[in-house]
Amino acid sequence: MATTCLAVDIGASSGRLIAGRLDESRKLELEEIYRFKNEMNFADGHYRWDIDRLFGEIEKALKAFSETSEEAASIGVDTWGVDYALLNDEGERIASVYAYRDSRTDGTMEELFGMMSKEEIYEKTGIQFIQFNSLYQLREHYKEKPQDADNAKIFLMVPDFLNYKLSGVKAVEYTNATTTQIYNVHKNQWDDELIALTGFDRETFPDAVQPGTLLGEIKKELQDELGIGALKVIAPPTHDTGSAVVAVPAADESFAYISSGTWSLMGIESKVPITSAKAHEYNFTNEGGAYNTYRFLKNIMGLWLIQEVQRMYDYKYSFAQLVEMAEASEPFGCLIEPNNTIFMNPGNMIEAIREFCRSTGQHVPEEPGEIARCIFESLAFQYNEVLVQLREVQDQPIERIHIIGGGCQNEMLNQLCADFTGCCVYAGPVEATAIGNLMVQMITLGEVSDIEEAREIIAESFGIRIFKPRKTEKLEEQWEKFRRLQYDKQTAKN
């Protein structure tokens with residue numbers, strides 16, 4: 001019987017338990033066992049995650065799996081990055097888990113730059129400057145609740161905490177640790193000077209373990225409670241993009257990838273960190289990858305934009321309907337800067353887009369199709385800008401773009417990406433994060449030999465759609481317009 005592995009994959013809006021196994025022809029079969037919602041909660045002036053409810057959903061998922069009477073060999077959890085949990089001496093969580101879109105870190109970067117320069121922070125970490133990085137979150141946590149720094153004995157990232165709840169083992173996994181902007185990319189360890197800036201104790205941060213590390217077995221009380229076997233708990237690349245990049249079905253290095261979901265993470269796979277002055281200028285990040293690689297990439301505000309538009313319309317339109325209306329709308333009605341902070345968590349995304357267009361002297365979109373087209377064309381131009389920068393920073397041929405994750409189902413955006421970048425786009429697999437999670441577990445268990453074989457299996461197992469560039473009228477003119485866009489929130493208010 002084929003070995004079954006279980007991937008718990010949790011994003012900002014949903015989570016799921018997916019079972020994976022290799023069939024007789026060594027193709028990967030996936031089965032979704034359980035799906036649940038996730039969302040930020042707002043209380044006492046802050047956005048937070050209900051981490052206890054999330055673990056409760058994992059327990060329900062495992063209970064549902066146990067009722068299939070099938071056995072599994074292992075389980076691994078991946079989630080988003082930067083957010084964290086603090087534990088005391090007894091292993092109990094001492095504070096709620098803040099959500100990265102909380103506004104408490106507005107202005108914190110600038111405060112820390114007065115204590116250590118941007119250049120020195122980047123040289124140490126190679127991490128993109130984003131206001132929600134753990135470095136700034138911890139600084140604000142200390143300022144608001146300094147007693148937590150005294151009581152905290154263990155710092156864990158969100159997926160580490162969930163793996164701890166499963167196994168009882170407190171371990172921080174490497175790919176997620178690197179998202180904090182506290183991890184020294186050259187020394188491959190926590191940076192003492194950066195930790196000192198947060199106000200927390202260096203001893204609170206356990207040494208990071210590599211993806212694929214066997215943490216132990218699921219706790220006996222959980223086995224009994226859920227009717228589940230003695231699953232091995234394996235730390236996959238616990239940062240969801242780290243797992244997703246494992247699933248890029250590429251046979252060589254001449255590619256860029258876009259992990260497309262709530263965020264679009266666009267970059268290349270590198271054997272070494274890239275912390276040059278040009279990489280710093282363009283604000284690229286060097287996040288740890290699986291098997292001695294680095295994810296040299298940039299975070300782009302992705303499908304969050306259209307997700308929030310859908311929410312503002314009270315889910316009257318499906319994603320498919322919004323895409324259809326976008327395709328029927330006139331090209332290049334207006335453009336936005338997807339990464340402008342106005343779109344981080346505006347409350348009303350439709351009004352934020354309209355304000356941007358109004359303040360930059362453009363046509364103000366009114367209809368749903370106009371708004372959706374504005375988002376998709378702006379994202380495609382943002383992809384092209386990152387591609388131009390990647391080619392300038394790193395002398396590496398980029399002949400194609402692999403779009404992976406749920407966003408690869410948006411055929412309009414795939415085609416716009418091909419048209420605007422001039423690259424062939426390879427779309428798929430959809431379940432890239434869960435697939436990468438499962439493949440790392442299978443490598444640890446000896447079911448798959450290495451990442452090269454894993455990618456061969458993935459390429460054979462899932463249909464990959466190819467989108468070829470088309471000639472687009474007024475493309476250069478609109479590209480120059482996109483590059484000139486500048487919007488200052490404070491100026492607009494005045």
Side-chain angles (χ1 to χ4, degrees), residues 2-9 11 16-33 72-78 175 211-212 234-261 264-270 289-295 297 398-410 414 417 423-467:
T3 299
T4 297
C5 297
L6 301 175
V8 177
D9 174 27
R16 56 269 179 88
L17 177 70
I18 292 181
R21 63 192 66 83
L22 298 178
D23 66 15
E24 292 180 356
S25 62
R26 289 190 64 76
K27 290 185 177 181
L28 182 63
E29 295 180 337
L30 301 179
E31 179 185 2
E32 184 177 294
I33 305 299
S74 64
I75 185 171
V77 178
D78 68 73
T175 66
I234 295 174
T238 60
H239 187 251
D240 47 14
T241 310
S243 277
V245 171
V246 170
V248 173
D252 58 39
E253 297 178 352
S254 57
F255 69 91
Y257 58 79
I258 301 173
S259 180
S260 180
S264 290
L265 296 307
M266 183 174 182
I268 59 174
E269 199 169 57
S270 176
Y291 308 114
N292 302 310
T293 59
Y294 294 87
R295 294 172 282 137
L297 59 84
I398 300 175
E399 299 172 357
R400 62 192 184 280
I401 297 173
H402 285 272
I403 301 183
I404 54 177
C408 78
Q409 298 171 97
N410 187 330
N414 294 341
C417 180
C423 290
C424 282
V425 167
Y426 291 71
V430 174
E431 298 289 356
T433 300
I435 290 167
N437 180 329
L438 292 165
M439 278 297 176
V440 170
Q441 292 184 56
M442 290 182 181
I443 291 171
T444 297
L445 295 173
E447 296 291 313
V448 175
S449 59
D450 52 30
I451 191 172
E452 287 77 18
E453 185 188 7
R455 286 175 168 166
E456 290 174 8
I457 290 170
I458 292 164
E460 292 294 322
S461 300
F462 303 97
I464 309 299
R465 293 204 58 191
I466 301 176
F467 296 81

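Each residue takes its place number in the sequence, starting with 1.
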Participant: Salt bridge (charged side-chain N to carboxylate O under 4.0 Å, His left out) with R26: which of E453, E460, E456?
Facilitator: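 Result: among E453, E460, E456, E453 is the only option passing the salt bridge (charged side-chain N to carboxylate O under 4.0 Å, His left out) with R26.
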Participant: Under 3.5 Å, side chain of E253 to main-chain N/O of E269, donor-acceptor pair present?
Facilitator: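 No, E253 side chain to E269 backbone: no donor-acceptor pair under 3.5 Å.
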Participant: Does a side-chain heavy-atom distance below 4.5 Å link I443 with Y291?
Facilitator: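 Heavy-atom side-chain distance check passes, below 4.5 Å.
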Participant: Within the structure provided, determine whether Y257 and L297 are in side-chain contact (heavy-atom separation under 4.5 Å).
Facilitator: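 When only atoms from C-beta onward are counted, L297 and Y257 do touch, with a gap below 4.5 Å.
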Participant: Testing the basics here: between T433 and A244, what is the closest heavy-atom pair and its distance to 0.1 Å?
Facilitator: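 The pair with the smallest heavy-atom distance is OG1-CB, 3.6 Å.
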Participant: Rounded to the nearest 0.5 Å, what separation is found between the CD1 atom of I258 and the OH atom of Y426?
Facilitator: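 OH of Y426 is found 14.5 Å from CD1 of I258.
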Participant: Applying side chain to side chain donor-acceptor pair (under 3.5 Å) between N437 and each of D78, T238, D9, D240, report the one that passes.
Facilitator: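 Going through D78, T238, D9, D240 one by one, the side chain to side chain donor-acceptor pair (under 3.5 Å) with N437 is satisfied by D78 alone.
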Participant: Measure the spacing between CG of D23 and CG of L28 and express it to the nearest 0.5 Å.
Facilitator: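 That separation rounds to 8.5 Å.
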Participant: So, T4 side chain and R21 main chain: donor-acceptor pair closer than 3.5 Å or not?
Facilitator: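 No; judged by distance alone, with no hydrogens or angles, the pair does not exist.
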Participant: With side chain to side chain contact (heavy atoms under 4.5 Å, CB included) as the test, would you mind laying out the steps for T3 and M442 before giving the verdict?
Facilitator: CA-CA 9 Å; T3 299; M442 290 182 181; over 6 Å; no
Participant: Between A247 and I435, which heavy-atom pair has the shortest distance, and what is it?
Facilitator: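 Closest approach of A247 to I435, heavy atoms only: CB-CG2, 3.9 Å.
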Participant: Could you measure the distance from the CZ atom of F255 to the CD1 atom of I268? Nearest 0.5 Å is fine.
Facilitator: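 Going from CZ on F255 over to CD1 on I268, the span is 9.0 Å.
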Participant: Apply the test side chain to side chain contact (heavy atoms under 4.5 Å, CB included) to residues L30 and L438: give CA-CA distance (whole Å), side-chain angles for both, the deciding distance (0.1 Å), then the verdict.
Facilitator: CA-CA 10 Å; L30 301 179; L438 292 165; 3.6 Å; yes
Participant: Applying side-chain hydrogen bond (donor to acceptor under 3.5 Å, both in side chains), can you list everything that pairs with E31, at least two apart in sequence or on another chain?
Facilitator: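 Expected list: none.
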Participant: Check whether S259 reaches the backbone of I404 with its side chain - one donor and one acceptor, N or O, closer than 3.5 Å.
Facilitator: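 Side chain of S259 to backbone of I404, a donor-acceptor pair under 3.5 Å: no, none is there.
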Participant: How close do A250 and R455 get, heavy atom to heavy atom, and via which atoms?
Facilitator: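 Closest pair (atom of A250, atom of R455, distance): O-CD, 3.8 Å.
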Participant: Under a 4.5 Å cut-off applied to non-hydrogen side-chain atoms, are N414 and R465 in contact?
Facilitator: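 No, side chains not in contact.
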Participant: As an exercise, state the distance from OG of S243 to CD of Q441, rounded to the nearest 0.5 Å.
Facilitator: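 S243 OG to Q441 CD: 9.0 Å, rounded to 0.5 Å.
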